2 protein chains.
Amino acid sequence: MPRSARITDDACVPAASEEGVLEDLIGYALRRAQLKVFQNLIARLSAHDLRPAQFSALAIIEQNPGLMQADLARALAIDPPQVVPMLNKLEERALAVRVRCKPDKRSYGIFLSKGGETLLSELKQIAADSDHEATSSLSDGERTELLRLLKRIYRD
Amino acid sequence: MPRSARITDDACVPAASEEGVLEDLIGYALRRAQLKVFQNLIARLSAHDLRPAQFSALAIIEQNPGLMQADLARALAIDPPQVVPMLNKLEERALAVRVRCKPDKRSYGIFLSKGGETLLSELKQIAADSDHEATSSLSDGERTELLRLLKRIYRD
DNA sequence: TATTGTTATACTCTATAACTATA
DNA sequence: TATAGTTATAGAGTATAACAATA
């Protein structure tokens, strides 16, 4: 039985219309738009059994070959412990490798494998297509403007 | 010991620069911007021990008094089972109430309590202030344009 | 003593199947 | 049988403290 059945016991409304206050909040619109765009990307990446964060990691590694795990964590805006299982996955699938750092034997340099590079070039096209499809209601000029405004926000 | 120490054992790069491929993706920019805006909102709402989703729920209930839990789930874009603990919290804190629906005794109508209405009017101001602060690098005209573009995306 | 990577843990969010009570 | 709400559970994502090896 439900945990509450107090009060006057009455009321029933068919309603479920659109919101009022939330509609003026950029944060709310950002969340909804981000969810929609990500749903598209998640669906496409699932064909390769990858999550968006893993794709981002591969792209960051390619852009910064030899970076350390702490650097990767910072670039992904996640905490260092979260990098471990993610990198383990990428290593298991032979997409990336950890290489001992000579001067500082505590750390690793992270690199893409040849297979990782090949897959990443495919993923880049997939991500670009997904991005375009999920924002198909915008013109190219609007996409450019949106990108500019979003960068202004997250770059502080 | 680490689970991999194969390969040539060498390499060390101070690097950790900015990304290249990701910078052109709207999905990536959306995610970063949304995280930043939400961090601000989460911090402000924590003073009232509330999460953004709970604030959204209160706003939707006010806009649709008497709606059913299934309607609320749809409006929040979450699954019905997730509504239960959230609504329990709101009822425990006497911000919202479930009222038995007379014609269909399986369902409830959801309403704000008087205290819920009072708190919500406070929260609206907090959310508006947070939104403004988190997007302080934009002009009012740019905020309006951004909101327009985001709605075009998530409304399909 | 401080730092890199790691382990363990926990808490939230999300998603699914199955149960109850009504219809 | 179908539906509204609920329960239970499992999987991600996120955050923190603490440990080992190295500096």
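If you're wondering where the values come from, they're calculated on a predicted model, not measured in any experiment. In what follows, chains are A, B, ... by sequence order, proteins preceding strands, each numbered from 1.
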Could you tell me the separation between the CG atom of Asn88(B) and the P atom of dA8(D), rounded to a whole number of Å? 12 Å
From the list dA23(D), dT6(C), dT16(C), which nucleotide is the closest neighbour of the side chain of Val84(A)? dT6(C)
Measure from the side-chain heavy atoms of Asp104(A) and tell me the nearest of dT16(C), dA23(D), dG13(D). dA23(D)
Could you give the CD1-to-P distance, from Ile42(A) to dT14(C), as a whole number of Å? 11 Å
Tell me which nucleotide among dG5(D), dG5(C), dA23(D) gets nearest to the side chain of Tyr108(B). dG5(D)
Separation of dT12(C) atom C1' from Gln54(B) atom CD, nearest Å, is 11 Å
With a 4.5 Å limit on heavy-atom distance, are the side chains of Phe111(B) and Val99(B) in contact? yes
Rounded to whole Å, please give me the gap between CG in Leu45(A) and P in dA12(D). 15 Å
Quick one: on DNA chain C, does Gln69(A) or Leu35(A) contact a more 5' nucleotide (nearest heavy atom)? Gln69(A)
From CZ of Arg100(B) over to P of dA4(D), roughly how many Å is that when rounded to an integer? 13 Å
Given dC13(C), is OP1 or OP2 found less than 4.0 Å from the side-chain N or O atoms of Arg51(B)? yes
Within this structure, what is the CZ-to-P distance between Arg74(A) and dG5(C), rounded to whole angstrom? 10 Å
Same cluster or not: Phe38(A) versus Leu147(A), using hydrophobic residues (I, L, V, M, F, W, Y) connected whenever any side-chain heavy atoms lie under 4.5 Å apart? no
Are Arg98(B) and dT6(D) close enough that a side-chain N or O sits under 4.0 Å from OP1 or OP2? yes
Nearest-angstrom distance from the residue atom CG of Asp79(B) to P of dT9(D): 18 Å
dist Ile110(A):CD1 -> Met68(A):CE (nearest 0.5 Å) comes out at 9.0 Å
If you assign each of Gln82(B) and Ile78(A) to its closest nucleotide in DNA chain D, which residue comes earlier from the 5' end? Gln82(B)
Select from Arg106(A) and Pro80(A) the residue whose nearest nucleotide in DNA chain D is closer to the 5' end of that strand. Pro80(A)
What is the distance, to the nearest angstrom, from the CE atom on Met68(A) to the P atom on dA23(D)? 13 Å
Quick test of your reading of the model: are Glu62(B) and Lys124(B) salt-bridged, counting only N-O distances below 4.0 Å? yes
Can you tell me how far the CZ atom of Arg98(A) sits from the CG atom of Leu90(A), to the nearest 0.5 Å? 9.0 Å
Of the candidates dT14(D), dA17(C), dA23(C), the side chain of Pro81(B) sits closest to dA17(C)
